[in-house]
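Reviewing the structure listed below.
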Amino acid sequence: MAEVVKMPKMSDTMTEGVLAKWHKKVGDKVKSGDVLAEIETDKATMDFESYQDGVLLYIGIEEGAAAPVDDVIAVIGKEGEDYKAALEGSAPAAAPAENKEEKPAAEKAPAADKAPAATPAPAAKVDTSSIPATVIRMPALSDTMTEGVINKWNFKVGDKVKSDDSLADVETDKATMEVVGYEEGTLLYIGPKEGEAAPVNGIIAIVGKEGTDITPLLQDDAPAASAEAAPAADAAPAAESAPAAEEEEKETSHSDGRVKASPLARKIAKDKGIDINAVKGTAEGGRIVKKDIEDFKPGAAPAKAAPAAESATPAKGADAPAKAAPAPINLPTFTGEEKFTERPVTQMRKAISRRLSESLFTAPHFFVTMSIDMDQAIAARAKINEVAPVKISFNDFVVKACAVALKQHPAINSAFQGDKIRTNEHVHIGVAVAVDEGLLVPVIKFADGKSLTHISLEVKDLAGKSKSKKLQPAEMEGSTFTISNLGMFGVDEFTAIINTPNACILAVSGIQAVPVVKNGAVVPGNVMKVTLSSDHRVVDGALAAAFLQTLKQLLEEPVRLLI
């Protein structure tokens, strides 16, 4: 009997998944354990294995499209078996099927009402079915994606493309990914330019037979087009952004005194801090356009002003009496150019910004700092590394000490959940790792029961996976406490924003060689400062201080970690 395959829940925060790639096609034989597809979640892209033997009878979601958790994505059964009964038995799959049947009926209705004169739009919708061209839309490449930025077009209008060609590179909140058109023909239309964003399901390209009139396809997408065109008051068919920009250049010029410039040129000049009066226009009638602003070299303006300044000085000198006076100090003229670079905010950085803003402005943070004498920890580390199979770092000492201290102070190992506070009896410690695109937090699970060597190996492995983008969602989930260590950068002291839903995060600074007082004498010492950021809805100041006292005792006498 045919069995449906549903979108799996691959992380605790996952609500939908994006089908990144199918490894099987309809008609292929599938064995239990075979990789059916690659599914992208809010954490990473993972392989999805089949749990059934049989033949792949049906695929319900295309590559690049998203589907909610538990939605039907495929059906596996015996060769030639009727799988429709399995689909009908699944409510989520039945709804799209009904919609598909209703759509042609909806399209036929306007055709029947063709007699009333003013209904050209429905007629255009009917015509699209016979147009030998296919619309390529912006796919949902992650479950949190609302728009994608075209990083690079790999083809231009008029090029021949194949079904497996990568049309463009699109940047999402997770990474930059390729968009495949899955159509063969000529690239007839490109919507957003490189660097521009397009909403999910918005038209980004059209592929079809060379010479095809694609106007009905663009008009069929009129609701989206009109929404984008609203800011441009008099532009009727705002399908392409490039002509709109050119028309802005061609609009009637306004003048600042005698200077004629297009509105776009004035805006760019204002943004760059360029005096538009110093720019020479190259358009008809000496009008200044965008290209003149971009090509403008600001060094020319001061050069003209310099002679005037020099001529002004003798003029003052001529009016002065002919008596002896101290020689004036002539400062050389220095001309600089204001420069800057801008880069768009990546989708991952947007996600980090959103989450940390929610944490900082939702959870009332307070901070407690304590200095720890690391002399004994330094000596213990040196002795351990003489015999340990793997080198132990100071961060490994901190992870182990925090795990032990959390068992003694369970209130720190808690989470605020609206109408209740959850106190975790297990200890899962998240370790913040910096990557090129932002920050990832892999989790050391049950850290209190692991040795220093075990923790060291696991931290190194997870940090390597983070930087090579191979970290799995399960390896980033479930933390009950987080550590952010900037000690390797020589940082004296800092505070960290809580990694929700944790109640606390520990900021660890570098070990500093400073004078300390021991037994009434000032002697050299090695001090490390740690700052605990706490959610005041869960933790009070006395609890935070007590936890840090225990942490201090463990690190100042590391033999306690071995008990």
Side-chain angles (χ1 to χ4, degrees), residues 10-13 43-44 46 355 359 372 377 380-381 384-385 388-415 422-435 438-488 496-509 528 530-534 547-548 550-552 554-555 558 560-563:
M10 299 175 123
S11 75
D12 54 353
T13 58
K43 299 293 193 295
M46 305 175 64
R355 286 199 60 201
S359 172
I372 299 175
R381 176 175 176 262
I384 290 173
N385 282 339
V390 60
K391 295 296 181 184
I392 307 299
S393 69
F394 290 112
N395 187 67
D396 301 330
F397 273 87
V398 174
V399 172
K400 178 64 176 178
C402 284
V404 174
L406 287 170
K407 295 297 286 185
Q408 299 180 36
H409 302 274
I412 306 297
N413 200 39
S414 300
R422 172 178 293 178
T423 299
N424 298 295
E425 297 180 10
H426 59 280
V427 177
H428 292 350
I429 296 184
V431 180
V433 176
V435 296
L439 197 68
L440 295 176
V441 185
V443 180
I444 310 296
K445 296 184 177 179
F446 307 107
D448 56 310
K450 295 178 179 178
S451 66
L452 282 169
T453 300
H454 193 157
I455 290 172
S456 180
L457 284 169
E458 197 165 338
V459 169
K460 288 180 174 65
D461 178 57
L462 292 173
K465 287 183 178 179
S466 300
K467 293 179 179 178
S468 62
K469 299 181 181 179
K470 294 182 179 178
L471 201 63
Q472 297 297 307
E475 296 170 320
M476 293 185 283
E477 296 170 354
S479 66
T480 60
F481 183 85
T482 307
I483 296 172
S484 179
N485 191 342
L486 294 179
M488 65 288 295
I497 298 174
I498 296 169
N499 178 34
T500 55
N502 299 172
C504 298
I505 184 172
L506 185 73
V508 182
S509 65
M528 179 180 75
V530 295
T531 300
L532 186 70
S533 306
S534 302
F547 170 79
L548 288 182
T550 302
L551 182 67
K552 178 181 174 75
L554 290 168
L555 289 174
R560 292 170 177 259
L561 299 176
L562 307 177
I563 298 175

Before giving the answer on side chain to side chain contact (heavy atoms under 4.5 Å, CB included), spell out for Arg355 and Asn499 the whole-Å C-alpha distance, their side-chain angles and the decisive distance to 0.1 Å.
CA-CA 9 Å; Arg355 286 199 60 201; Asn499 178 34; 3.8 Å; yes
Just verifying a value: how many Å separate Ile444 CD1 and His454 NE2, rounded to the nearest 0.5 Å?
8.0 Å
Taking every non-hydrogen atom, the tightest pair across Ser414 and Pro410:
OG-O, 3.1 Å
If you count every heavy atom of other residues, nucleotides or ligands that lies below 6.0 Å from Lys460 atom NZ, does the total exceed 12?
yes
Which atom of Ser359 lies closest to which atom of Ile497, heavy atoms considered:
OG-CG2, 3.6 Å
For Thr480, run the side chain to side chain donor-acceptor pair (under 3.5 Å) check against Asn502, Thr423, Asn413 and tell me which one passes.
Asn413
Just how far is it from atom NZ of Lys465 to atom CD of Gln472, taken to the nearest 0.5 Å?
7.0 Å
Does any non-hydrogen side-chain atom of Asn395 lie less than 4.5 Å from one of Ile483?
yes
Distance (rounded to the nearest 0.5 Å) between Gln408 CD and Leu554 CG
6.5 Å
Could you check if a side-chain atom of Met528 sits within less than 4.5 angstrom of a side-chain atom of Val508, using non-hydrogen atoms only?
yes
Distance (rounded to the nearest 0.5 Å) between Lys470 NZ and Asp461 CG:
11.0 Å
Straight-line distance of Ile392 CD1 to Leu457 CG, nearest 0.5 Å
7.5 Å
Heavy-atom closest pair (Cys504 atom, Ile412 atom, distance to 0.1 Å) is SG-CG2, 3.7 Å
Compare every heavy atom of Phe397 with every heavy atom of Pro558, then report the nearest pair and how far apart it is.
CB-CE2, 4.0 Å
Backbone N or O of Lys391 within a donor-acceptor pair of the Ser456 side chain at under 3.5 Å?
yes
Leu506 and Phe481, any side-chain heavy atoms less than 4.5 Å apart
yes
Heavy atoms of Lys400 and Leu561 approach each other most closely as CE-O, 3.7 Å
Rounded to the nearest 0.5 Å, the OG atom of Ser509 sits from the CD1 atom of Ile372 at a distance of 9.0 Å
Looking at Arg560 and Ala401, would you say the former's side chain and the latter's main chain have a donor-acceptor pair under 3.5 Å?
no
Do Val431 and Leu462 come within less than 4.5 Å of each other through their side chains, counting heavy atoms only?
no
Between Asp448 (side chain only) and Ala403 (backbone N and O only), is there a donor and an acceptor less than 3.5 Å apart?
no
Minimum heavy-atom distance Ile455-Ala447, with the two atoms named:
CD1-O, 3.9 Å
